[in-house]
There are 2 protein chains.
Amino acid sequence: MAQKKRVTFDDIAKYTNFSKTTISRYFNNPDSLTLENQQIISDALVKLDYKENKVARILASGKTEFIGIIVPNLYLRYYSEMLDQILSTYETFGYKFLVFIGNGNEESERRYIQELLSYQIEGMIILSHTIPSRELAGLSIPIVTIEREDRFVCSVNTDNYMGAVQATSLLARHKCDVLIHVNSPTPEERPAYGRIQGFRDFCKEHHLKHQVIIEELGNTNESSQRQMSHILNQIEMNYPNQKKGIFVSSDTYANVLLNLLFRKYGTLPQDYLIIGFDNSPVSEEAIIPISTIGQQIEKLAYEAVSMLVTQMNERKKRRPVPLKEPIHKMVTPILIRRETTEGFLE
Amino acid sequence: MAQKKRVTFDDIAKYTNFSKTTISRYFNNPDSLTLENQQIISDALVKLDYKENKVARILASGKTEFIGIIVPNLYLRYYSEMLDQILSTYETFGYKFLVFIGNGNEESERRYIQELLSYQIEGMIILSHTIPSRELAGLSIPIVTIEREDRFVCSVNTDNYMGAVQATSLLARHKCDVLIHVNSPTPEERPAYGRIQGFRDFCKEHHLKHQVIIEELGNTNESSQRQMSHILNQIEMNYPNQKKGIFVSSDTYANVLLNLLFRKYGTLPQDYLIIGFDNSPVSEEAIIPISTIGQQIEKLAYEAVSMLVTQMNERKKRRPVPLKEPIHKMVTPILIRRETTEGFLE
DNA sequence: TTGTATGCGTTATCAC
DNA sequence: GTGATAACGCATACAA
């Protein structure tokens, strides 16, 4: 009823005639007690309705089992799916997650990081792009980034370059007359830049006619539709009666393009092949299932947490050996062939 | 370089020749110090590079500023969007969030709740459906649920009934020959049941020919496509040459239906009107923008946190007055008219 | 196997 | 306005 004050080790100790230490040991090293005494304490816990207090434990042990996360938003499926997978590793590693939404605001994110540090988090996973990795590296706490600039910190990334090569070579195999890559402006330091690089390199190496179209496509359906419409006009002007293989930087944008074509022609014309990137739900839910390069988000998430856990454990040793160089792990994406490249039966 | 041990109030006290108490006051009640002394301490903080330790503060004060969240998954946009908005209230209320993914596993969720409680969270927001509200109510900590069974706990919900009425009346205004509602099996205790109820009541009240189709549509695109295909066959058989107004329980499913029709007819036939629910991105990104009932997710999230904060504050008073009855707040959804009901120009 | 004493970094309660 | 001291609840080195 009323908020009776909490039961502590002291209460249990008194009740069982053991010392606080023994009670503590019951939780942290039960084997050091006789089975009989374990039972006695166990019974007492139930009797007194004991609830553990991990805050006190943290203060005493220094181990919070907290990991801080800063994610730009959860509006993009890529991030929400990634967060889902990261949080789900609780079952494997037992770490709890304090989550902040960055929203691209650098100053806010700095505040969030300070707040996280004040809670004695043991490590941090960063998905937002704002704060330079050099600054992150100075925080003296294990950090792993995912799919962002990562020169000075550990990271896990999709092999974007390889993904682009897979996408491009698929289009090439279909003997397109021209290959086109559509993307938003992307800084070279970002892993995602590999999509542009991979496309270019493959085309050049195989002497394929190609074009890279870089245009800000925006974050709303309306703006991407407007921009993509311009791009499409341009393409139709430049390459009439040619078989066009288009590699779009994301499924969302690929879907916009597909819809424009579909609304214009009532179908996807035979001289258009489209492939996206991400394998996000929209690629399946589209009017025609869209071929795509599937990011292995579950694996990326697992590798990130796993890498972080390794480093956090290292720090708990008596004589920790810090990393000489940041580790960068690559996860290979998977080519997923669907109807926008493999023909479409009306 | 090496992990020099942390700077504490003690160090600052020694450095400034004040007592620990004064340092503490500098943070919690600075006005009680002279401006001059504030400056001295402030300088010392910078000099010594002090980092605050909120864990110690929690232990001493009992206030964690933690809110626990259990969300079923982040795969469904509804949840990820809601979580996004909830986390974003940090800027307003300052509470930090510990997040767990429930995945519909009742036993796991019980463990998560225990874990959360052990971290002395001050309140909890529950979006998952597994644990009965009666059990939640017994946890003796403020709880607010969102869009789930909420008999014994506080909650914030969309006014599903009103939303259904809005959707149905829109279809009715378009003088459909028959109104159809498609939904998955939904327990009556869930707020979402109001969608079925609202549809039925409106149709009956206005003596409209109608049918409610309840069928498990599944969680994958493939299964919903298969089920929806059956349903569509059924509808085409039963109501040939009639104008059909179809209210689908979610945008995702509405999109599946729309795609089936579009692939079959190359357009949305004139005798079909479709309206979904949620205003999730897919409703905009669809081959034709789908009319829908927009849930005000930002508002729902804000109201939930706000309601929780009120109760958490109440508990901190000397003589807290607990709620006699759980509060249930309704947020009215918004009708969004797009091309699937307002005519579509090819 | 069990107990004692001390520490973790704050806040809270009194005094002055 | 400032300080001494006792919590807060648990972990751990050292003894026994």
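In the text below, chain A, chain B and the rest are named by the order of the sequence lines, each starting its count at 1.
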Item to check | Nucleotide nearest B:Arg57 when distance is taken to its side chain, options C:dT10, D:dG9, C:dG3 | outcome: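 For the B:Arg57 side chain, the nearest candidate turns out to be C:dT10.
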Next on the checklist: By nearest atom, which of the nucleotides D:dC10, C:dT4, D:dG3 is closest to the B:Arg25 side chain?
Outcome noted: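 Looking only at side-chain atoms, B:Arg25 lies closest to D:dG3.
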Item to check | Cationic N near anionic O, under 4.0 Å, A:Glu122 to A:Arg315 | outcome: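 The answer is no: the pair does not qualify as a salt bridge.
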Item to check | Residues B:Glu115, B:Arg111: salt bridge by 4.0 Å N-O rule | outcome: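 Answer for the salt bridge query: no.
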Item to check | Verdict with reasoning, A:Lys51 to A:Asp49, per salt bridge (charged side-chain N to carboxylate O under 4.0 Å, His left out) | outcome: CA-CA 7 Å; A:Lys51 311 271 190 217; A:Asp49 188 28; 3.4 Å; yes
Item to check | Chi angles and distances behind the ring-ring contact (aromatic ring centres under 6.0 Å, His included) call for A:Phe27, A:Tyr50 | outcome: CA-CA 12 Å; A:Phe27 287 98; A:Tyr50 171 75; 5.7 Å; yes
Could you check how far [atom1] of [X] sits from [atom2] of [N], rounded to whole Å?
X: B:Asn17; N: D:dG3; atom1: CG; atom2: P; answer: 9 Å
X: B:Tyr50; N: C:dG9; atom1: OH; atom2: P; answer: 10 Å
X: B:Lys63; N: D:dC8; atom1: NZ; atom2: P; answer: 15 Å
X: A:Phe9; N: D:dG9; atom1: CZ; atom2: P; answer: 11 Å
X: A:Gln38; N: C:dT1; atom1: CD; atom2: C1'; answer: 11 Å
X: B:Ile23; N: C:dA12; atom1: CD1; atom2: P; answer: 16 Å
X: B:Lys20; N: C:dT10; atom1: NZ; atom2: C1'; answer: 7 Å

[N] OP1/OP2 closer than 4.0 Å to side-chain N/O of [X]:
X: A:Tyr26; N: C:dT1; result: no
X: A:Ser61; N: D:dA11; result: no
X: A:Thr22; N: C:dG3; result: yes

For [X], answer base if it contacts any base atom (sugar-phosphate contacts may also be present), sugar-phosphate if it contacts only those atoms, and nothing otherwise; contact means non-hydrogen atoms under 4.0 Å.
X: B:Leu33; value: sugar-phosphate
X: B:Asn28; value: sugar-phosphate
X: A:Phe27; value: nothing
X: A:Ser24; value: base
X: A:Asn29; value: nothing

Next on the checklist: Taking the nucleotide of DNA chain C with the nearest heavy atom to each, does B:Thr21 or B:Asn53 sit closer to the 5' end?
Outcome noted: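 The residue mapped nearer the 5' terminus is B:Asn53.
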Item to check | Any N/O donor-acceptor pair, B:Lys54 side-chain to C:dT10 base, under 3.5 Å | outcome: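 Donor-acceptor pair under 3.5 Å: no.
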Checklist entry - A:Phe100 and B:Tyr90: ring-ring contact (aromatic ring centres under 6.0 Å, His included), yes or no, with the steps? => result CA-CA 8 Å; A:Phe100 281 91; B:Tyr90 170 75; 4.9 Å; yes
